[in-house]
Amino acid sequence: MLDKTYRPGEVEQKRYAEWEDDGAFAIGRRGNAQPYTIVIPPPNVTGSLHIGHALNNTLQDVLIRYERMRGRDALWQPGTDHAGIATQMVVERNLEKEGKTRHDLGREAFVERTWQQKEESVGTITGQLRRLGASCDWSRERFTMDEGLSKAVRKVFVDLYKQGLIYRDKRLVNWDSKLHTAISDLEVEQRDEKGHMWHIKYPVEDTENTYIVVATTRPETMLGDTGVAVHPDDDRYKHLVGKHAVLPLVGRRMPIVADSHVDPEQGSGALKVTPAHDFNDFDIGKRHDLDVVNVLDANACVNENAPDAYVGLDRFEARKRVIADLEAQGLLEKIDEITHTVPYGDRSGVPVEPWLTDQWFADAATLAKPAIEVVEDGRIQFVPKQWENTYFEWMRNIQPWCISRQLWWGHRIPAWFGPDGEIFVEMTEEEAYRAARSHYGREDVDLRREDDVLDTWFSSALWPFSTLGWPDKTPELERYYPTDVLVTGFDIIFFWVARMIMMGMHFMEEVPFHTVYVHALVRDAKGQKMSKSKGNIVDPMDLIETYGADPLRFTLTAMAAQGRDIKLSESRIEGYRNFGTKLWNAARLCEMNECRTPTGFDPSTIEHTLNRWIVGSVAHAERAVRDAIETYRFNEAANAVYHFAWHTFCDWYLEFAKPLLHGDDTVARDETRAVAGWVLDQILILLHPVMPFITEELWGQSNPNRDGQLVTHGWPDYPDLTAFEPAAREIGWVIDLVSEIRSVRTEMNVPAGAKIPLALIATPDEKRRYVEDNWNLIAPVARLTAVSTAAEAQAGSVQIVLEDATVALPLADVIDIDQERDRLAKEIDKVTQDIARIDGKLSNENFVSKAPEHVVETQRERREEAAQAKAKLIDALARLSAA
RNA sequence: GGGCGCAUAGCUCAGUUGGUUAGAGCGCCGUCUUGACAUGGCGGAGGUCCGUGGUUCAAAUCCACGUGCGCCCACCA
C-alpha cells in the first residue's frame, strides 16, 4: 500500500542502498553488451559538493541510467582529485587555526595530515553523490594519487621527458608570493583596478638636465631596471638611442635601445625595461642583451640586489618608498590616475609576480596539434558546438605549460639531480640511481630528488585512461576506452578537457571521448555567481533535505537548456516536488483500482478507443524523451515526460478512465486496468533517468510481481501503433469538446456542481458517434445530464462550434442573451481574421508555388475548417436572435 | 584589443535545422473541498518576441547595424 503522501526524503533513503546491494551499477552484468562509459569529473577533495556538482552529476546520471536501461554495459567511473593547491590551502588554513604552519610539521607530516583531510572529504563527497542518486560503479572508485594513477603520472612524465616534450628551463613564471609557488597562465586572473601611472625622469648620461621620461604602473620594479627602450621611428628619442640613462636611486648605467615593441602612443613613449619582472621586458632584454637583475625574493620583498635602503621591504612598501624618494629628488614628473589590469592568483587572491625561476615545462604546442585535429575532423564534438571555437582559439595559441609547483601536496616530480646538476628522470629512485651510476661511471653517486610536485591538472589529464588501469594493459582499458561523453562546465575546458585530449591522443593514440557536453554555470536566483565570499552559496544538500533529490534533479535537468546560465530558484524546485506528488497520487489511484500490467501485455491488441489513444500517446512521449536525451537536450526530455504524465495521463486519461474502472462492463474495465497500469509503468521508465528514486519506489510498490528493479529494467521498444491514429483523432475531438463546454460553463457562470444537458444541433454522423460512444466518459467531466438531438438550438442555448459540428447547452435559466451574442460575435470575428490571414497566403502566387506542398495543404485544410466554423457560428447567432 | 553569449508573460526561463493560434514553473484573478492529489481540479487575465533595416512566399527563429547586460582570451608600460 502506498502512503497517502509522497515524502521524498523517506523514499530516497532506502532505495539507493538496494541498488548498491544489487550491484545495479556494476559493470560487466551484461555479457557482450556494447559498453557506454562516462568518467566523472573528479571533485576536489577540499570538502563538499556545491550546486554545480549537483548539476554536473545529475546530467551524467541521466545519461548513464538511460543507456543502462537501453541495454548498454554502462560504466560511470567515479573518483576524486587531489587538487594540489586547493587542498594544500585547506589544510594550511586548518593548521593556522591551531597557530601552526606547514613548516612546523615538515613535509612528511604535512602530507600525512593532508591524506587525512582527503579521507574525510572523500567520505563526504561520495556520500553526497549517493544521496543525489549518482549511479557510479563504486567498486571502481579512484583517486588521482592512488598508486596506480601515480604510476601513470610517472610514466607520462618520464616518457614525455625522454621524448623532449618536457623540459626544465629558467624563465619568467607567474609567481604566487603567498603560496610560494609558480602557477600556470590559466591560474592567473586579470582584474581591472584603479591605479596610477607614474612618469619618472631618468637622467641621460653625460648631459646636464636632459632626461628621458618613462611611465610605469609599478615604480618599485625600477630597482631592477637595466635599460630604457623607445620605438626606432620615434623622432622624439632617436637622438638618445645608443646613449645611456642613469637609473635614479640605484645609479646603474643603462643602455637606451630601440625596439619596435614599444608603442610611442603609450605613456611617455619610452619604456623602462625590467627583464626580471615583466614578461615583455624579459623578451626585450633578450633582444638587446640587457642584464637581468632580480630584485624580489619569493615573498615579493625587495632583495639584496637593490640598494640597502629598500632591502626587505614588501613590494608595496617599496613602491611608496621609491615614489617618495623620487619625489624628493624632483624626478617625478607627474602622476596620472588610470584603470589597468592587474594579474592575481586565482587561489591566493594576491597579485602574481613575474619571477625568474627554474621550472618544468611541457611542450604544449606539440601536444596540441593532434588534439586540434580530432576536433577539426569531428572525432570529438562539443555540444553546444560553439565551444569548439573557444577550444580552437586557445589551442592554436597555446603557450608552454608550466607543470611544476612548489607545493608539498601532489605528485612529486620523478627527477633526480646529480651533484653537478645532471638530471635523471626515471620511474623509480632505483632506476634513477642506475642511470646515474652508468652516467658517471662509478658506484658512489648521491642524488637529490626534485622537491617540486606537478600541477594537479597533469594527473587529471590522464583520468580517462589512468582510471581504467593504464599503463597496464587491463581488460577494462581495452573495453571501456575511449569513453563516450564527457560532461563538464565551460570553466575547465582549457584546464582539463584540452589536456585530456592532448594526453589521450599522445599516449592512447585515440580520443578520450567522442562528445564533450558543456553545461552552464549555476548561479543564484539573482544571477550572481555563487561564491563563499559573497555568501550566496546554495548547498545542494540543504535543497535535497527540504525538497528531495528527485525534485532537485528534475529542476536542474529541466533548466539545463544549452547555452545559458542557470539561475536557480527554489519555487521551481517546489513546483517539481509537486510533480512528484502528482505522480505519487496517480499511482495511488491506479493501486486502488487494481491497475497493473498483466504478464505478456501487448499494447497493440488494445481495443477500447480511450485506451488506444493513451497507448499511442505513450509512444509519442517515449519518442520525444529518447530523441531529446540522445541529442543532449535534457530540458526537453524532462518537459516531455512532465507534460505527458501530468497533462495527458493525469488530467485526461485517468479522469476519462474512472467511469470505465467503476463501470459494469468488465471487459472494458479489465482492459482499462491493464492499460492504466501499463502506462504508469511507461511513465516510470521514461522518468527514471531524471527521477530515479520515486520511480523505483513506485515501480516496486505498484506491482508485486516485478522481476527485478527498475534501475536495470529495459527501455521500451513499442510495436507499430499507426492503427491507433483514428483513436487519437477521436479522443482529441472529445477533449476539445469537454474543454469548450467547461469554458462556456465558467463564462456563463454555471455553478460548478450543476449538471446540464447537451444537444447536438447540426452534427455529422462521425462526431455524433464520438459523443455517443464516449458519453459515459464525457458526462462526468463536463457535468452533463443527457444528450439529445435537435434540428435547432432551443431558446436560450449557448452554441459551440467544433470543426464541422455544432452542439448546444440549453441554459435558459442562466443565460444572458446579450452576453452570448457578444461571445458569438467575438468568435466570428476571430475566425474571420483567421480566414483573412490564410486567404492572404493562399492568394499569394509565390506562396502557393514556392512553399512546400504540405505547408500549402495545411493552410487549405485550415481554411476549409475555419470557413465551416464561421458558417456555423453565423447560423448560431441567427438562431439566437430569432429565439 | 580580439572572441563569444544573452535580451520572449509580473518574475525565472523554454522555443531542434524559418512553416497553423509563441510554451513551462512561480506569481495573479475567478471558482470548486466530486471517493488519487488543495503540494490539487477547472476556467481565465497577461506577450510591439530589445530597436532599426534587410533576406524570404513566410522571421521570435537567418543577416547587418544599434542599444543594454554578461562572460572568455590578450604582453600594452
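Just the heavy atoms: all of them, side chains too, but no hydrogens, waters or symmetry mates, feed the values below. Protein chains get the first letters and strands the later ones, always in sequence-line order, with residue 1 at the start of each. Given the structure is predicted, the values throughout are model-derived calculations rather than measurements.
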Do the two ring centres, one from A:Phe634 and one from A:Tyr517, sit under 6.0 Å apart? yes
Residues passing the side chain to side chain donor-acceptor pair (under 3.5 Å) test with A:Thr832, sequence neighbours excluded, are A:Lys870
A:Tyr642-A:Tyr576 aromatic ring centre distance below 6.0 Å: yes
Contact nearer the 5' end of RNA chain B, comparing A:Met592 with A:Arg577: A:Met592
Note every stem involving RNA chain B: at least three consecutive Watson-Crick or G-U wobble pairs, i with j then i+1 with j-1, with both distances under 3.5 Å. B:1-7 with B:67-73, B:10-13 with B:23-26, B:28-32 with B:40-44, B:50-54 with B:62-66
Please check the phosphate of B:G41 (OP1 and OP2 only) for any side-chain N or O of A:Trp646 closer than 4.0 Å. yes
Span that lies between the P atom of B:U52 and that of B:U12, in whole angstrom: 23 Å
Basic-acidic side-chain contact under 4.0 Å: A:Glu865, A:Arg862: no
Less than 4.0 angstrom from a charged side-chain N to a carboxylate O is my criterion; do A:Lys830 and A:Asp834 meet it? no
OP1 or OP2 of B:A36 versus the side-chain N and O atoms of A:Lys658: is any pair under 4.0 Å? yes
Separation between the C1' atoms of B:U20 and B:U31, rounded to whole Å: 32 Å
Below 4.0 Å: OP1/OP2 of B:C42 and any side-chain N or O of A:Ser743: no
For a quick test of reading the model: is some side-chain N or O of A:Lys582 closer than 4.0 Å to OP1 or OP2 of B:A36? no
Separation between the C1' atoms of B:U55 and B:C65, rounded to whole Å: 15 Å
With the threshold set at under 4.0 Å for non-hydrogen atoms, list the residues of residues 550-558 of chain A touching RNA chain B in residue-number order. none
Look at the side chain of A:Arg633 against the base of B:U16 and say whether a donor-acceptor pair falls under 3.5 Å; ignore hydrogens and angles. no
How are the rings of A:Phe490 and A:Trp387 set relative to one another: parallel (under 30°), tilted (30 to 60°) or perpendicular (over 60°)? parallel
Roughly how far apart are A:His647 NE2 and A:Lys582 NZ, rounded to 0.5 Å? 9.0 Å
Selection from B:C37, B:C57, B:A77 that lies nearest to any side-chain heavy atom of A:His340: B:A77
For A:Glu655 and A:Val848, take the nucleotide of RNA chain B holding the closest heavy atom to each; which residue's nucleotide lies nearer the 5' end? A:Glu655
Rounded off to whole Å, could you give me the CD1-to-P distance for the A:Ile694 and B:U39 pair? 16 Å
Can you check whether A:Tyr576 has a side-chain N or O nearer than 4.0 Å to OP1 or OP2 of B:U39? no
Give one of base, sugar-phosphate or nothing for A:Asp263, where a contact means two heavy atoms less than 4.0 Å apart. base
Less than 4.0 angstrom between a side-chain N/O of A:Asn578 and OP1 or OP2 of B:G40, yes or no? yes
